[in-house]
Number of protein chains: 2
Amino acid sequence: MRFMTSLKFIDVVAREGSIRKAADKLAITSTALNRRILQIEDEIGQQLFERLPGGVRLNTAGEIFVQHIRSQFADLARVQSQIADLSGIRRGHVQIASGADALRRLLPETIATYRAAHPAVSFNLARCYGEEAETRLFSLDADIALIFAPIRAAHVHVAATLRQQIQCVMPADHRLARREQIKLRDLAGERLVLPTAQSGVRQLLDTGLLRRQVDMDVILESDSFEFMQNFLHFESSLFFQIPIAIGAGGGRQGAGQTDGFDPLLVARPMDPADVAPGTLHICHLKGRVLPVAAAKFLDDIITTLRDTYPDDVDQ
Amino acid sequence: MRFMTSLKFIDVVAREGSIRKAADKLAITSTALNRRILQIEDEIGQQLFERLPGGVRLNTAGEIFVQHIRSQFADLARVQSQIADLSGIRRGHVQIASGADALRRLLPETIATYRAAHPAVSFNLARCYGEEAETRLFSLDADIALIFAPIRAAHVHVAATLRQQIQCVMPADHRLARREQIKLRDLAGERLVLPTAQSGVRQLLDTGLLRRQVDMDVILESDSFEFMQNFLHFESSLFFQIPIAIGAGGGRQGAGQTDGFDPLLVARPMDPADVAPGTLHICHLKGRVLPVAAAKFLDDIITTLRDTYPDDVDQ
DNA sequence: GCAACGCGATGCAAAAATTGCACTGCTTGC
DNA sequence: GCAAGCAGTGCAATTTTTGCATCGCGTTGC
C-alpha cells in the first residue's frame with residue numbers, strides 16, 4: 001500500500017512519541033521519516049506535532065488528523081474485506097478487545113467455528129483491563145469489544161447484551177455445593193478469592209457486599225481464572241465467575257452444569273437479590289461500518305450467545 | 001496533498017472513463033497515469049477497472065474502492081476544516097446541490113450572510129434536476145442538498161423539512177387576484193405555464209389535477225422561474241411556485257406578500273385540499289460527518305427558515 | 001558546571017521511483 | 001482494409017526519496 005505509507009508513518013510516530021524510535025520500528029532512517037513528516041505538515045499547512053526535547057507529541061490538529069488516518073486505515077480494511085467477499089472468499093483480519101471472561105470458552109469456540117468456514121480470516125485478540133477495550137475501539141485498534149461492565153464512553157455502540165448472573169465456584173464437596181443458590185450471608189466465614197478491583201464481577205460483588213456487612217475472609221485477589229481454578233485444588237476456598245467463562249448453560253437459573261469444566265469444581269449462582277446480574281456488552285465503534293469479516297463474526301457471536309442463553313440476550 | 005494523488009488519479013479516471021482523457025485533465029502523460037493505476041491494482045490485489053476497447057470502466061471492486069476514495073477526500077476536507085477552526089478561522093468549501101426553488105432567494109441571502117461572517121469559506125452551487133441532488137450527495141460531490149420532492153434514496157439523511165404550499169402567480173390585475181386561495185376548478189379556462197415534469201411542484205399539481213378533471217389550457221412548460229415571470233408581462237397567464245422561491249412570508253396561509261418580488265405580479269396559495277403542500281428537504285449523506293464549514297452553514301439555513309416560516313419547519 | 005546523551009533538523013550525494021517518449025497490439029468505425 | 005483511439009511496455013531522463021554526516025538544542029548525570 002504505497003499510497004498509504006506516509007500516513008502510516010505519522011500514525012507510528014504518534015504512537016512512539018519519537019521520530020527516531022518510529023524510524024527504527026519502520027526500518028528506515030530517522031532523517032527520511034523526519035522529512036516525510038515535515039513534508040506532510042507543509043502540505044496540510046499545519047504543524048501536527050509539538051517538538052519536545054525528548055521527542056514529539058501530537059498537538060490538537062495532530063490528534064484530529066491522526067484520528068482521521070486511523071479511520072482511513074480501518075475503512076480501507078473494510079473495503080478490502082468487501083472486495084474479497086465479491087469473489088466468494090471471505091478475507092480479512094478481525095481485531096477483538098475482550099475482558100478475560102469471554103476468552104475462556106466463548107471466543108475460542110466461536111473463532112474456531114468461524115475459521116473453519118473462512119480460513120482466510122485472521123484474528124487478533126487483546127485481553128483488556130478496565131476501559132482499555134473502549135479505548136481500543138476508539139483508536140480503531142479493535143473492531144469488536146466484549147465488555148462485562150457498564151459502558152461509559154459515548155462513542156461505543158452496543159450491538160447486543162447478555163445478562164449473566166455471577167456464579168460462585170467451589171470444590172464439589174464443599175458444604176455450599178448442595179445449595180441451589182448462594183446468598184451473601186452464606187459466605188460468612190468462608191475463604192474467598194476475589195477478582196481484582198477493576199473487574200466487572202468484583203464491582204457487582206462489592207455493590208452487594210456494601211449493603212450487607214458480611215464478615216468474610218478474602219485470602220487472595222487475582223485476575224487470572226486459571227490461577228484461581230488451580231488454587232482451589234490446594235486450598236479449599238470460593239471464587240466467582242460468570243457463566244460464559246465457565247461454560248455453564250442457562251445463566252441466571254444457573255443449573256451449575258459446567259460442561260467441560262473442571263469436574264472437581266462446581267458453580268452455583270449467587271442470589272440475584274444479593275448480587276445483581278451483570279451485563280456482557282458486545283460492542284463496536286458507533287457510526288463505523290465494520291469490515292465484512294468482522295461484521296459477520298459479530299453476527300456469529302450474537303447467534304452463539306442466543307443459542308446458548310436464549311432468554312438473556314438483548315439486541 | 002502528495003499522499004493523495006494516486007487516489008485522486010483513480011477518481012478522475014473513473015469519472016472520465018478513459019486513462020488518456022484523465023491524463024490530459026491531470027496534465028501528465030497517459031503512460032504515467034496508466035502505470036500508477038496498474039500499480040495500485042497490484043497493491044490492492046484486484047483489478048479495479050474493466051478494459052474496454054474505448055477506454056476503461058469501474059468493475060464492482062472498483063466501484064467500492066472509488067466510493068472509499070471519495071469518502072476519504074470528503075473526510076479529509078472535514079479534517080482540514082476542523083483543524084482550521086481550531087485557530088479561530090473558519091475555512092473550507094461548502095458544496096450544495098439544490099433544485100431551482102432555493103436558488104432564488106434562500107441560498108443567495110443565506111450564503112451572503114454566512115460569508116460576511118466567514119470570508120475564508122467558499123461555496124459551490126449545483127442546480128440539480130430530478131434525482132441528481134441525491135446522486136451528488138452519494139458521490140460526495142455535494143455536502144448539502146435542498147430537495148423539493150419526496151426523498152427515495154435510503155442513503156439520504158433529512159436534517160430538516162419545510163412545508164410549502166404551492167402558490168399561483170398571476171398579474172396583479174388578474175380576476176383571481178382578489179381570491180385568498182385558489183381552487184383547482186378556478187383554473188378552468190385559464191392559460192397556464194407549468195413547470196417541467198420532473199419538478200416537485202409539477203408532481204404535486206399533477207396529483208391534484210388527476211383527481212379533478214379540470215379543463216385547462218397549458219400553453220407552456222418551463223423549468224426557468226425567470227422565464228415564466230417575464231413571460232407573464234407579455235401574455236396574461238398563471239404559473240406556480242413555492243413561497244421560498246418568491247420570498248413570500250408564511251407559506252400556507254399565503255398572505256401573498258412577496259417582498260422584493262415583481263410588483264406587477266401577485267401570488268395566491270392553492271387550496272391545500274386541492275393541491276397538497278409539498279416539502280422542502282434539507283439533507284446530507286447519512287452517516288457522514290460534515291466539515292465544520294458545511295455543518296454550520298446547514299445550521300444557518302435551518303435557522304433562517306425557522307425564522308421565516310416558524311410553523312412549517314420540522315427537524 | 002560541564003560533558004555526554006538523545007532529540008529533531010539540514011546539506012549533500014547515492015539510490016530509487018516516477019515520468020515521458022517511442023512503440024506494440026488491440027478494437028472500432030468508416 | 002485503413003485510420004483513429006485505446007491500454008500496455010521497454011528504455012532513458014528526470015524527479016523524488018533515502019542515507020550519511022553533522023548541526024544546534026535541551027536534558028541528564030556526575
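Keep in mind the model is a prediction, meaning the values are calculated, not measured.
- Under the 4.0 Å criterion applied to side-chain N and carboxylate O atoms, B:K296 and B:D299 are not assigned as salt-bridge partners.
- Note: CD1 (A:I10) to P (C:dG8) measures 14 Å, nearest angstrom.
- Mapped onto DNA chain C by nearest heavy atom, A:R2 and A:E41 fall at different nucleotides, with A:E41 at the one closer to the 5' end.
- When the P atom of C:dA9 is taken as reference, atom CG of A:D42 falls 13 Å away, rounded to whole Å.
- Here C:dT10 presents its C1' atom at 15 Å from CG of A:L33, a figure rounded to the nearest Å.
- Straight-line distance from the CG atom of A:L52 to the C1' atom of D:dG24: 17 Å, rounded to whole Å.
- For the 3.5 Å distance criterion, the side chains of B:H93 and B:N124 fail to qualify, holding no donor opposite an acceptor.
- You won't find any donor-acceptor pair under 3.5 Å spanning the side chain of A:R35 and the base of C:dA9, going by distance alone.
- Remark: the B:S30 side chain and the D:dC6 base include no donor-acceptor N/O pair separated by less than 3.5 Å.
- The phosphate of D:dG8 (OP1 or OP2) has a side-chain N or O of B:N34 nearer than 4.0 angstrom.
- In the set D:dT9, D:dC20, C:dG8, the nucleotide with an atom closest to the side chain of A:R51 is C:dG8.
- Dashed line: the shortest gap from a side-chain N or O of A:R36 to OP1 or OP2 of D:dT18 is under 4.0 Å.
- Residue B:L58 contributes atom CG, which lies 13 Å from atom P of D:dA7 at whole-angstrom precision.
- Along DNA chain D, the nucleotide closest to A:P53 and the one closest to A:Q39 are compared, and the more 5′ of them pairs with A:Q39.
- Heavy-atom minimum distance, A:E134 versus A:I151: OE2-CA, 4.2 Å.
- In this structure, the nucleotide among D:dT9, D:dT18, C:dC21 sitting nearest to the side chain of B:L38 is D:dT9.
- Look at CD1 on B:I37: it is 14 Å from P on C:dT18, rounded to the nearest Å.
- For the residue pair A:Q67/A:E63, the side-chain donor-acceptor check at 3.5 Å is not satisfied.
- Between B:N34 atom CG and B:F49 atom CZ the span is 10.5 Å, to the nearest 0.5 Å.
- Between A:I28 atom CD1 and D:dC20 atom P the separation is 12 Å, expressed in whole Å.
- Nearer to the 5' terminus of DNA chain D, by closest-nucleotide assignment, is the contact made by B:S18 (compared with the other of A:A32 and B:S18).
- Atom pair A:I40:CD1 and D:dT17:P shows a separation of 10 Å (rounding to whole Å applied).
- Here D:dC20 is the nucleotide among D:dC20, C:dG20, C:dG8 with the atom lying nearest to any side-chain atom of A:T31.
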